[in-house]
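For the numbers below, each heavy atom of this structure counts, side chains included, while hydrogens, waters and symmetry mates do not. Just so you know, residue 1 is the first one in the sequence shown, and it goes up from there.
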Amino acid sequence: MIVTIVKDKYEGGKKAFELIKKGVADGAKVLGLATGSTPITLYDQMVESDVDFTNITSINLDEYYGLDPQNSQSYHYFMKKHLFEKKPFYKTYIPNGKAKDINQEIADYDKIISDNPIDIQILGIGGNGHIAFNEPGTPFDSTTHEVTLASSTIKANSRFFDNQDNVPKRAICMGIKSIMSAKQIILMAYGAAKQDAVKAMVEGPVTETVPASVLQKHPNVVVIVDRDAAAKLS
């Protein structure tokens, strides 16, 4: 695990983009992508670059269950707004939050991941140590699954909604085993609210209580954090 401390999220986005650019130049064909405020500066760099992504497939980590892709709070909408409508990809995959048969959607998404091995996976981290919507207690051997969101996650994400009651309570999420199958993982974290989670991830015991701690067992992880998020690291 390589920890890189940067000045702010803008420098962090540039550092992450340098790794993406190198990966694509070296032959990466599949990117695992994340949503939320953390990766936006990375996506800005990707959009502004001259790197061609038209041969690249992307697979997103998760989607709220119950939200239509056209809903402005859906992750389909987020990815289109911040990346896909500005920078075309070969194929893009995001779980269908309106799937009539959630179990079939889960099985289909697992097949997508199996058929398109992820070269570089982008991650953020929740204040409770979650990666994607894999909340504390999620088994390390999990594949795509339905998630009931933790109250802390709902509260944290409520800033994107009119109020907390409007935040969906369920999601479809790529599992930890699937995330760990990526050849390289880039995790970004910014702000003092993430410092406890970052310390537990990097220096704490490997435990399902802190899902991100499993990254200690991955052979190729780069952690990009600003000074506030890194404040409690030894």
Side-chain angles (χ1 to χ4, degrees), residues 1-9 11-43 45-46 56 58-62 113 116-136 138-144 173-191 193-234:
M1 185 179 284
I2 298 171
V3 178
T4 300
I5 299 175
V6 295
K7 180 177 66 175
D8 54 29
K9 62 184 179 181
E11 184 181 347
K14 291 178 181 178
K15 291 285 186 183
F17 172 68
E18 289 169 7
L19 295 172
I20 294 285
K21 183 177 181 179
K22 182 180 186 302
V24 171
D26 290 345
K29 292 296 183 185
V30 182
L31 302 181
L33 300 181
T35 51
S37 57
T38 298
I40 289 176
T41 56
L42 164 61
Y43 297 156
Q45 291 290 316
M46 292 170 70
I56 302 295
S58 70
I59 303 177
N60 263 72
L61 289 166
D62 43 26
I113 296 166
N116 299 275
I118 296 170
D119 294 299
I120 304 172
Q121 177 66 60
I122 301 300
L123 292 177
I125 185 172
N128 63 2
H130 73 228
I131 45 177
F133 277 138
N134 292 295
E135 301 285 15
T138 302
F140 286 157
D141 64 354
S142 58
T143 53
T144 306
C173 181
M174 185 187 297
I176 293 175
K177 180 180 179 180
S178 304
I179 290 170
M180 290 289 285
S181 72
K183 296 181 181 71
Q184 180 181 31
I185 294 174
I186 303 168
L187 185 145
M188 296 171 284
Y190 309 120
K194 300 295 179 69
Q195 59 187 220
D196 288 329
V198 168
K199 182 173 178 62
M201 170 182 64
V202 176
E203 299 176 351
V206 176
T207 170
E208 291 176 353
T209 304
V210 181
S213 66
V214 73
L215 299 179
Q216 294 178 34
K217 294 183 172 292
H218 193 282
N220 189 1
V221 177
V222 178
V223 176
I224 300 172
V225 288
D226 66 4
R227 292 163 187 158
D228 286 339
K232 292 189 176 181
L233 292 177
S234 299

Side-chain heavy atoms of Met180 within contact of Leu215, under 4.5 Å: yes

Close side-chain approach of Asn134 and Ile179, heavy atoms under 4.5 Å: yes

Flag, side chain of Asp119 to backbone of Val30, donor-acceptor distance under 3.5 Å: yes

Criterion side chain to side chain contact (heavy atoms under 4.5 Å, CB included) on Ile176 and Glu208, from CA distance to verdict: CA-CA 10 Å; Ile176 293 175; Glu208 291 176 353; over 6 Å; no

CA sep, side-chain torsions, deciding dist, call: Thr143, Ile113, side chain to side chain contact (heavy atoms under 4.5 Å, CB included): CA-CA 10 Å; Thr143 53; Ile113 296 166; over 6 Å; no

Least distance between heavy atoms, Ala189 atom then Val198 atom: CB-CG2, 3.8 Å

Closest contact, heavy atoms only, Phe133 versus Cys173: N-SG, 3.3 Å

Closest non-hydrogen atom pair, Ser234 against Glu203: N-OE2, 2.7 Å

Over 12 foreign heavy atoms within 6.0 Å of NZ, Lys199: yes

Backbone N/O of Met188 and side chain of Thr38: donor-acceptor pair under 3.5 Å: no

Heavy-atom closest pair, residues Val214 and Val206: CA-CG1, 4.0 Å

Given Ile122, Asp62, Leu61, Ile40, the one that forms side chain to side chain contact (heavy atoms under 4.5 Å, CB included) with Thr35: Asp62

Heavy-atom closest pair, residues Ala197 and Gly127: CB-O, 3.7 Å

Inter-residue atom distance Leu31.CG - Asn60.CG, 0.5 Å rounding: 10.5 Å

Carboxylate-amine/guanidinium proximity below 4.0 Å for Lys232 and Asp196: yes

Shortest non-hydrogen contact from Gln121 toward Ala182: CB-CB, 3.7 Å

Note, Pro39 side chain near Leu33 side chain (heavy atom, < 4.5 Å): no

Side-chain heavy-atom pair Ile131, Met201 within 4.5 angstrom cut-off: no

Note, Ile118 side chain near Met174 side chain (heavy atom, < 4.5 Å): yes

Sidechain-backbone polar pair: Gln216 side chain, Met1 backbone, donor-acceptor under 3.5 Å: no

Pair Asp141 + Lys177, salt bridge at N-O below 4.0 Å: no

Side-chain heavy atoms of Ile120 within contact of Leu19, under 4.5 Å: no

Enclosure of Lys183 NZ (heavy-atom neighbours >12, cutoff 6.0 Å): yes

Approximate separation, where rounding is to 0.5 Å, of Asp226 CG and Thr4 OG1: 12.5 Å

Separation of Lys29 NZ from Asn116 CG (nearest 0.5 Å): 12.5 Å

Heavy-atom check, side chain of Lys194 versus side chain of Val225, under 4.5 Å: no

